[in-house]
Amino acid sequence: MPRVYHVSDIHVGSSHFVPELFERLIQEINAERPDLVVLAGDLTDKGLGYQYAEAKAWIDRIEAPILVTPGNHDSRNVGYVHFEELFGPRYRTLRLPGVYFVAADSSEPDLDEGRIGRTIYPWLEEALAHADEGALKVFVTHHHLLPVPGAGRERNILQDAGDLLKLLVNHGVDLVLTGHKHVPWVWRFEGMLIVNAGTATTNRVRGKGLPSYAVLELEPARITVRQRYYGERPEDVFVHVPRLAREVMHP
Ligand SMILES: [Fe+2]
Ligand SMILES: [Fe+2]
């Protein structure tokens, strides 16, 4: 049963960055040893080289495999050049026992808006087709695919969210992991579970929100999500039975 920690919006270099939160995150991860840590973008504040170097130094202290995708802040100032040099391809796949991950960059240089874009769809479809038989399929990107409540005025949802949701549903994706809004949330949509992670290591939260990250247990017949907060608030726990709507196919 793979355990995956879904961490997002660490924003190294931001005035909102709280080093003590990253120290605590590292301690928790290194003590609990998940099978994978997903970093769902906004590693840096402005995509600058020194911020990437600092983010890499923090991330290198995490003693677990990592799957990372860039966010809109990481693509500011042509920051995706540093991303590729330090973290590798912006589009990639990864296998754990029984789970198959596809991660795609939703950022555009110097824009806050997100987009996967139709030129990427063939790659995405090809990648999803290579999942092992019976494996859970997980899609990772930075921008949220559905509105997130408690996040202020809705904006920056993926520009092609409708087309992408259809593609993911038709390819039997079970789980989507996103970030960007700094607000943890979970939606169920057409048999998929869509999990938004909050900000793990900053105090740039909305309203009375708290920094947080998500702990996921991935089983073939059961996905458990725990939103874990830094502050006086117990975990939120969601249980989802995947594949109930696998027969749903849109033309
Ligand atoms: Fe962010
Ligand atoms: Fe973002």
Side-chain angles (χ1 to χ4, degrees), residues 5-19 21-22 25 37-48 50-52 54-56 58-59 62 66-84 86-87 90-91 103-117 120 139-161 164 176-187 194-214 227-231:
Y5 284 23
H6 175 202
V7 177
S8 193
D9 295 83
I10 57 179
H11 282 285
V12 174
S14 162
S15 60
H16 304 287
F17 178 70
V18 183
L21 289 178
F22 214 136
L25 177 71
V37 175
V38 169
L39 293 176
D42 283 357
L43 313 177
T44 67
D45 191 46
K46 291 190 168 62
L48 300 168
Y50 79 91
Q51 294 179 347
Y52 266 106
E54 285 180 28
K56 180 84 163 81
W58 280 104
I59 292 166
I62 294 174
I66 291 174
L67 176 62
V68 57
T69 190
N72 53 308
H73 283 254
D74 302 320
S75 290
R76 292 180 179 173
N77 302 302
V78 196
Y80 48 88
V81 171
H82 302 299
F83 182 94
E84 289 173 336
L86 294 174
F87 297 104
R90 293 179 290 116
Y91 302 87
D105 180 10
S106 60
S107 68
E108 293 282 338
D110 284 335
L111 293 180
D112 282 338
E113 295 82 12
R115 176 171 61 196
I116 298 296
I120 299 299
F139 177 67
V140 179
T141 200
H142 177 64
H143 290 80
H144 54 307
L145 276 82
L146 293 175
V148 176
R153 187 173 61 163
E154 184 52 59
R155 56 187 174 173
N156 302 156
I157 201 165
L158 275 177
Q159 289 177 335
D160 55 342
L164 186 66
V176 178
L177 304 180
T178 60
H180 184 58
K181 295 302 283 189
H182 296 201
V183 175
W185 191 252
V186 173
W187 285 122
I194 300 178
V195 181
N196 208 65
T199 174
T201 61
T202 82
N203 56 17
R204 193 180 173 205
V205 295
R206 297 172 199 273
K208 293 193 172 181
L210 293 168
S212 66
Y213 64 95
Q227 298 280 11
R228 182 182 279 181
Y229 299 94
Y230 289 126

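Atoms within a ligand are numbered from 1 in the order they appear, just like the ligands themselves. Here the structure is a predicted model, which means the values were calculated and not measured. Just so you know, residue 1 is the first one in the sequence shown, and it goes up from there.
- Coordination check, N72 versus the Fe ion (ligand 2): passed, since an N/O/S atom of the residue sits under 2.8 Å.
- Between F87 and F83, the two ring planes are tilted [angle within 30° to 60°].
- In this structure, Y213 and Y5 have tilted ring planes: the angle between them lies in the 30° to 60° band.
- Among heteroatoms of the N, O or S kind in D42, OD2 lies nearest the Fe ion (ligand 2).
- In this model, a donor atom of one side chain and an acceptor atom of the other lie less than 3.5 Å apart for H144 and E154.
- For H180, the N, O or S atom closest to the Fe ion (ligand 2) goes by the atom name ND1.
- Closest N/O/S atom of H182 to the Fe ion (ligand 1): NE2.
- The atom of D9 nearest to the Fe ion (ligand 1) is OD2, with the search restricted to N, O or S atoms.
- Aromatic ring centres of H11 and H182: separated by under 6.0 Å.
- A donor-acceptor pair shorter than 3.5 Å cannot be found between the side chains of S107 and N72.
- When distances to the Fe ion (ligand 2) are checked against a cut-off of 2.8 Å, H143 contributes no N, O or S atom below that limit.
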